[in-house]
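The block underneath contains the structure these notes are about, expressed in structure tokens.
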Amino acid sequence: MLGGREVFPTCAACHGTDGSGGAGPSLASVRETFPDCETHVQWIRLGSEGWKSEVAPTYGAQDAAVDQVMPAFGTLDETALRRVAMYERVRFGGSEPDAERVACGLS
């Protein structure tokens with residue numbers, strides 16, 4: 001089963017290997033954008049187009065317009081989705097691993 005560290009290189013193509021951004025935004029503020037892990041997982045699963053069609057034309061706590069392309073990763077199994085969200089929240093968002101493990105439903 002894939003862990004967040006193993007999945008993240010795919011994300012790094014846009015978010016940078018250090019999470020500082022590139023074609024995609026920096027992940028330093030990922031917890032401010034997605035205060036709860038469930039919404040973060042949903043964003044990763046749906047991507048920008050799926051989010052716009054299933055949820056809203058805006059995303060995150062700041063209600064930012066969905067105006068960039070985020071690919072959908074719905075082909076990942078649920079555990080891999082949760083693990084990569086946790087990895088991003090801990091590694092780049094500065095969250096406490098044990099708290100995020102519970103918040104992301106991995107405990």
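The structure displayed is predicted, hence computed values, not measured ones.
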Residue set satisfying side-chain contact (heavy atoms from CB on, under 4.5 Å) with Asp98, at least two apart, ordered chain then number -> Glu96, Arg101
### Task
List in chain and number order the residues that pass side-chain contact (heavy atoms from CB on, under 4.5 Å) with Val55, two or more places apart in sequence or in another chain; answer none if no residue qualifies.
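If we apply the side-chain contact (heavy atoms from CB on, under 4.5 Å) test to Val55, skipping adjacent residues, the hits are Gln42, Leu46, Trp51.
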message: Check whether Glu6 reaches the backbone of Gly3 with its side chain - one donor and one acceptor, N or O, closer than 3.5 Å.
response: yes
**Item:** N/O donor-acceptor pair under 3.5 Å between His15 side chain and Pro25 backbone
**Value:**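 Yes, the answer is positive, given that a donor and an acceptor are paired below the 3.5 Å cut-off.
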Measure across [X] and [Y] and return the closest heavy-atom pair with its distance rounded to 0.1 Å.
X      : Y     : result
Ala23  : Gln68 : O-OE1, 4.3 Å
Ala28  : Ser26 : N-OG, 3.1 Å
Ile44  : Glu88 : CD1-OE1, 4.0 Å
Val84  : Cys11 : CG2-SG, 4.0 Å
Leu27  : Phe8  : CD1-CE1, 3.6 Å
Cys104 : Arg89 : SG-CD, 4.1 Å

Do [X] and [Y] come within less than 4.5 Å of each other through their side chains, counting heavy atoms only?
X     : Y     : value
Tyr59 : Ser48 : no
Cys37 : Met86 : no
Arg45 : Phe73 : no
Thr33 : Thr39 : no

Review point. Is there a chain of hydrophobic side chains (I, L, V, M, F, W, Y, each step under 4.5 Å between heavy atoms) that links Val90 to Val41?
Key: no
Applied to residues 26-42, the salt bridge (Lys or Arg N to Asp or Glu O under 4.0 Å) test, sequence neighbours excluded, yields Glu38-Arg82
* Asked: Can you list the steps and then say if Arg83 with Leu106 is a side-chain contact (heavy atoms from CB on, under 4.5 Å)?
  -> CA-CA 8 Å; Arg83 286 180 175 171; Leu106 293 168; 3.9 Å; yes
Over 60° means perpendicular and under 30° means parallel, so classify the ring planes of Phe34 and His40, tilted if in between.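 His40 and Phe34: parallel rings.
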